[in-house]
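Contents: one structure, followed by commentary.
Order of appearance sets the numbers: ligands from 1, and atoms from 1 within every ligand.
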Amino acid sequence: MYQGTLFKLVGMQDFEEKKGLLMSKAVTTPATPFQVLADVSEAIMGTSGRLEKMDLAGAFLANLSVDETEIGALLLIGRPFPRTSQRTLALDWKALNQILQELLHPSRELLNELFAQSGDIGEVIYQLYLRSGAIRQSTLFTTPLTIQDVHSTFTEIADAQGPGSRKRKTTLLRALFTRASPLEAKYIAKLLVGDQRIGFSAGMLESAIARTLNIPLDLVRRANMLTGNIGEVTRRAFHEGSEGLEKVELCAFVPLLPMLAAQAEDVKDALKIHDGTSAFEMKLDGARVQIHLQRAVNQTQIRIYSRRLTEVTESLPDLVELVGNQVSLQSCILEGEVLSQGPDGRPYPFQYLMRRFRRVHNVEEMIAEIPVTLYLFDLLMEDGNVLIDSPYQVRRKRLEKVSGAVNLVEQLVTSDFSKAQSFFDKAIEAGHEGLVAKRLDSTYQPGKRGKVWLKVKQSMETLDLVIIAAEWGTGRRHRWLSDYHLAAQDPETGEFHMLGKTFKGLTDAEFEEITQHLLDLKIEQRGGIVTVHPRIMVEVEYDEIQQSPTYKSGMALRFARIKRLRYDKDPNEADTIQHVQELYDSQFQRKAATNRVGRTE
Ligand code: AMP
């Protein structure tokens, strides 16, 4: 009954008509078909007005049952799971491609052609489905997918672990695609690859909730910030109203998105932005952790989350013990940086530390091999009292009171440029990345990268590299070759060795221009990757040179970004792989040596 009505939505021109249809009882079936979500997503994509997009989303959400609202909201913004969830689909393009080959048998030429046309995986799959009579036939006889079907299959895929899990994941996914209509397949694929591209973000969803229900936007935002789950916020808002959102509080074991820092040129710049005074903290190049603690009568529970909110408690039992023994609170949320240091106190490279974080078996062995130290820098909740709205200075004072013998990140509050500069030099000298300047009166803003926290780093020498291949972009950049494979030259063999990829640093006009140049230099295209004659030179900035098992050079640039196009330079002037190796080695003069185990792995 609903299908016939809903398919009309896509072709409808009139916005009020679309909205009316969504609000109508026709779509309020006991279980909402996934097709409705796909149709609404298409309608949102086809509408340029922000308010109209919000109204379409609002109308869709208003029609969902209490059990569907959370997942419906998440799926609409292209997330299979909330950001705070530990679940991931862990399926790559290879798995998706395998299923496509089995179900649709596309030729390589057709795939390449469709990719070049849209650069959007969902759109490619949609086109393949339209061309494949077989699939459409089968979907006519199966029960339609509901949004709950899709969500529970995604959950099963994420939960499939251990031996045979890849096969189980692929079987589940194949079953989903077999039941899907062309448009449903498009949106399942988009969810799988995490690239929604309908012009509807989590931020717009917050506004849509506020607008549809006439609830203050700040209240919606705050609830989202505290829960980290926009799906839950949507359910509360639509089914419990403002009151439901007001009840949301920060609590232990619900990790909070970490606050981030914007970049400052140097300490002078940081002081200026912070109106003359700032709290400078050492910027330790370790791994960020958020530690949640709650004590009950006979038991203390502690969980540790990484920067990406993955739980890492199991690999850090020594820190659990330390915090449990030292922190004198009944419940709290702490933040800090975990560092692995050599005997002289110098930090080991980040990559080396990561081996410790990934380890969940034989942890004891790893504790001995890679000992770590915790340096705390923030306190976000203290015995049930939320501190994120308190000024930085107050939080730091409280942290100093409750942290016992746990180290705090070294800090200097100053308005004196030369003192700040000496502190920066001291940080670099000690092998750290630089400083983080924090505004004294700043509140903690989860998930935000604002100017209240500023990172000041020592810039690395830039490299002149050559582009050896480029990938078609996605989303807004889909018409450009916008992800560049960067290489240095080995003068002995004349070969170019890849050191990394980047899509950062160019303006739209430069993307446009370079795409043309690259296409003129094209050797071949495979999938979305165009190999080119190595002619175009770029000056590249980066944070660090890391070891890489992926590239033949054995090295990769961390956070590479293009500083300038260097049409004035010839590829023969590209930096040599030997020079990059020297820079890599010199990094270790600042860092502790890891030659025991680290560098030869
Ligand atoms: P970046 O990754 O360059 O954006 O810098 C932000 C990261 O610096 C944070 O996520 C932390 O892991 C790290 N960091 C190191 N020291 C500090 C500090 N004192 N305060 C805040 N973040 C720090």
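- The shortest non-hydrogen separation linking Tyr484 to Ile514 is OH-CG2, 3.1 Å.
- Each of Leu379, Val323, Leu329, Leu376 was checked for a side chain to side chain contact (heavy atoms under 4.5 Å, CB included) with Ser403, and the lone residue meeting it is Leu376.
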Quick one: table the atom pairs, ligand 1 N or O against protein N or O, below 3.5 Å, distance rounded to 0.1 Å.
{"unit_1": "ligand 1", "atom_1": "2 (O)", "unit_2": "Arg307", "atom_2": "NH1", "d": "2.9"}
{"unit_1": "ligand 1", "atom_1": "3 (O)", "unit_2": "Lys283", "atom_2": "NZ", "d": "3.4"}
{"unit_1": "ligand 1", "atom_1": "3 (O)", "unit_2": "Lys455", "atom_2": "NZ", "d": "2.9"}
{"unit_1": "ligand 1", "atom_1": "3 (O)", "unit_2": "Lys457", "atom_2": "NZ", "d": "3.3"}
{"unit_1": "ligand 1", "atom_1": "4 (O)", "unit_2": "Arg449", "atom_2": "NH1", "d": "3.2"}
{"unit_1": "ligand 1", "atom_1": "4 (O)", "unit_2": "Lys455", "atom_2": "NZ", "d": "2.5"}
{"unit_1": "ligand 1", "atom_1": "5 (O)", "unit_2": "Lys283", "atom_2": "NZ", "d": "3.1"}
{"unit_1": "ligand 1", "atom_1": "8 (O)", "unit_2": "Lys283", "atom_2": "NZ", "d": "3.1"}
{"unit_1": "ligand 1", "atom_1": "10 (O)", "unit_2": "Arg288", "atom_2": "NH1", "d": "3.0"}
{"unit_1": "ligand 1", "atom_1": "10 (O)", "unit_2": "Arg307", "atom_2": "NH1", "d": "3.0"}
{"unit_1": "ligand 1", "atom_1": "12 (O)", "unit_2": "Glu337", "atom_2": "OE1", "d": "2.7"}
{"unit_1": "ligand 1", "atom_1": "12 (O)", "unit_2": "Glu337", "atom_2": "OE2", "d": "3.3"}
{"unit_1": "ligand 1", "atom_1": "16 (N)", "unit_2": "Leu284", "atom_2": "N", "d": "3.1"}
{"unit_1": "ligand 1", "atom_1": "19 (N)", "unit_2": "Glu281", "atom_2": "OE1", "d": "2.8"}
{"unit_1": "ligand 1", "atom_1": "19 (N)", "unit_2": "Met282", "atom_2": "O", "d": "3.1"}
{"unit_1": "ligand 1", "atom_1": "20 (N)", "unit_2": "Lys438", "atom_2": "NZ", "d": "2.8"}

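- Side chains of Leu387 and Tyr444 form no contact here, defined as non-hydrogen atoms less than 4.5 Å apart.
- For the salt bridge (charged side-chain N to carboxylate O under 4.0 Å, His left out) test with Asp543, the passing option among Lys283, Lys457, Lys455 is Lys457; the others fail.
- With Lys438 as reference, Glu281 is the one residue of Glu281, Gln393, His274, Gln411 to meet the side chain to side chain donor-acceptor pair (under 3.5 Å) rule.
- Using modelled atom types, no side-chain atom of Arg303 and backbone atom of Gln301 make a donor-acceptor pair closer than 3.5 Å.
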